[in-house]
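A quick write-up on the structure given underneath.
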Amino acid sequence: MNLPASLKYSKEHEWVRVEGDVAYIGITEHAQKELGDIVYVDIDTLDKEVAQNDVFGTVEAVKTVSDLFSPLSGTVLEINDKLDGNPELVNSDPYGDGWIIKLSMSDASELDSLLTSETYGELVGA
């Protein structure tokens, strides 16, 4: 399983890539495999504040809908518009073009509560 060491992970299967005070957030390879083919990504929190562990949207797969939980507190700056026509990017490139939101972090210390790739791998049995 691909678990980039440069990312942080949540127990709810989201990943975080930090660039300055902005965090890119998506779902892990493990999560997208468990969900199956992603057919729709619904984010209704653009320009809104979300707290750590709040739901910021949903992903819809062929058989289920799953909530997306924010691993960090902050303001949703951008939604990946590539997912509008290509939600399957979440499956094919979960750590690259399949990112879901960009978040302006309000408390960078929350990063310390997230998991390393090693710890997340142990959690999911990778």
Side-chain angles (χ1 to χ4, degrees):
M1 181 178 309
N2 182 18
L3 293 172
S6 59
L7 303 179
K8 292 286 200 164
Y9 300 86
S10 73
K11 291 178 181 168
E12 290 77 28
H13 311 291
E14 282 81 23
W15 59 261
V16 176
R17 181 177 74 236
V18 176
E19 294 182 5
D21 66 346
V22 173
Y24 287 77
I25 297 171
I27 64 170
T28 65
E29 182 177 325
H30 172 79
Q32 65 82 19
K33 282 183 178 175
E34 291 291 309
L35 289 168
D37 293 337
I38 305 294
V39 295
Y40 187 66
V41 178
D42 183 25
I43 310 297
D44 61 0
T45 50
L46 184 62
D47 298 325
K48 293 182 181 168
E49 293 270 336
V50 293
Q52 188 176 38
N53 301 316
D54 277 0
V55 173
F56 69 85
T58 59
V59 288
E60 184 176 333
V62 174
K63 296 179 183 174
T64 188
V65 175
S66 183
D67 286 337
L68 297 166
F69 297 93
S70 184
L72 300 168
S73 300
T75 302
V76 178
L77 298 174
E78 185 178 335
I79 299 167
N80 186 351
D81 59 7
K82 289 182 184 178
L83 300 180
D84 281 346
N86 298 301
E88 64 276 3
L89 285 171
V90 174
N91 293 115
S92 63
D93 192 10
Y95 303 118
D97 285 342
W99 63 271
I100 298 175
I101 63 168
K102 279 188 198 176
L103 182 83
S104 173
M105 295 184 294
S106 59
D107 184 357
S109 71
E110 290 176 343
L111 288 165
D112 297 335
S113 68
L114 298 178
L115 307 174
T116 64
S117 60
E118 190 174 281
T119 309
Y120 179 75
E122 290 170 6
L123 176 74
V124 298

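Numbers here simply count residues along the sequence, with the first being 1. As the structure is a prediction and not an experimental result, all values here were calculated from the model.
- Leu111 and Ile101 fall within the same hydrophobic cluster, where Ile, Leu, Val, Met, Phe, Trp and Tyr residues are linked whenever their side-chain heavy atoms come under 4.5 Å apart, directly or through other members.
- Distance check, rounded to the nearest 0.5 Å: CD of Glu49 to OG of Ser104 gives 8.0 Å.
- Residues Leu3 and Ala126 share a closest heavy-atom pair of CD1-CB, 4.2 Å.
- Between the side chain of Asp37 and the backbone N or O of Val62 there is no donor-acceptor pair closer than 3.5 Å.
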**OP:** Go through the steps for Glu60 and Val39 under the test side chain to side chain contact (heavy atoms under 4.5 Å, CB included), then give the verdict.
**Re:** CA-CA 6 Å; Glu60 184 176 333; Val39 295; 4.0 Å; yes
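- Summarising the geometry of Val22 relative to Met105, their closest heavy-atom pair is N-CE, 4.3 Å, with the distance given to 0.1 Å.
- Formation of a donor-acceptor pair under 3.5 Å by the Asp54 side chain with backbone atoms of Ser70 is not found in this model.
- Just one of Asp67, Leu103, Ile100 meets the side chain to side chain contact (heavy atoms under 4.5 Å, CB included) condition when paired with Phe56; it is Ile100.
- Test Asp84, Asp42, Asp44, Leu46 against Ile79 for side chain to side chain contact (heavy atoms under 4.5 Å, CB included) and you get one pass: Leu46.
- Looking only at distances, a side-chain donor or acceptor of Gln52 sits under 3.5 Å from a matching main-chain atom of Pro71.
- Inspection of the Glu34 and Ser66 side chains reveals no N or O donor paired with an N or O acceptor under 3.5 Å.
- Atom CD of Glu118 has 12 or fewer heavy atoms from other residues, nucleotides or ligands within 6.0 Å.
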**OP:** Could you walk me through whether Asn53 and Glu12 pass side chain to side chain contact (heavy atoms under 4.5 Å, CB included), step by step?
**Re:** CA-CA 9 Å; Asn53 301 316; Glu12 290 77 28; 4.0 Å; yes
**OP:** Using the side chain to side chain contact (heavy atoms under 4.5 Å, CB included) rule, take Val55 and Phe69 through it: C-alpha gap first, then chi angles, then the decisive distance, then the call.
**Re:** CA-CA 4 Å; Val55 173; Phe69 297 93; 3.5 Å; yes
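- Annotation: the span from Asn80 atom CG to Ile43 atom CD1 amounts to 10.0 Å, rounded to 0.5 Å.
- Val16 and Trp99 fall into different hydrophobic clusters, where Ile, Leu, Val, Met, Phe, Trp and Tyr residues are linked whenever their side-chain heavy atoms come under 4.5 Å apart, directly or through other members.
- The shortest heavy-atom contact between Gly36 and Asn91 is O-ND2, 2.9 Å.
- Cluster annotation: Leu89 and Tyr24 are assigned to distinct hydrophobic clusters (Ile/Leu/Val/Met/Phe/Trp/Tyr, side-chain heavy-atom contacts under 4.5 Å, transitive).
- Qualifying side chain to side chain donor-acceptor pair (under 3.5 Å) partners for Tyr120, counting only residues two or more places apart in sequence or in other chains: His13, Thr28.
- Of the possible donor and acceptor atoms, none in the side chain of Tyr95 sits under 3.5 Å from a partner among the backbone N and O of Leu7.
- Here His30 contributes atom NE2 and Leu35 contributes atom CG; the two are 9.0 Å apart, rounded to the nearest 0.5 Å.
- Asp107 places no side-chain N or O within donor-acceptor distance of the main-chain N or O of Leu72, the cut-off being under 3.5 Å.
- Hydrophobic clustering, with ILVMFWY side chains joined whenever heavy atoms are under 4.5 angstrom apart, groups Tyr9 together with Leu123.
- Trp15 and Ile25 fall into different hydrophobic clusters, where Ile, Leu, Val, Met, Phe, Trp and Tyr are joined by side-chain heavy atoms under 4.5 Å apart, directly or via other members.
- Smallest separation of non-hydrogen atoms from Asp97 and Leu83: O-CD2, 4.3 Å.
- Judged purely by atom type and a 3.5 angstrom limit, Glu29 has no side-chain atom pairing as donor or acceptor with the backbone of Pro94.
- In terms of heavy-atom proximity, Pro4 sits nearest to Ser117 at O-CB, 3.6 Å.
- Atom CG of Asn86 is separated from atom CG of Asp93 by 11.5 Å, given to the nearest 0.5 angstrom.
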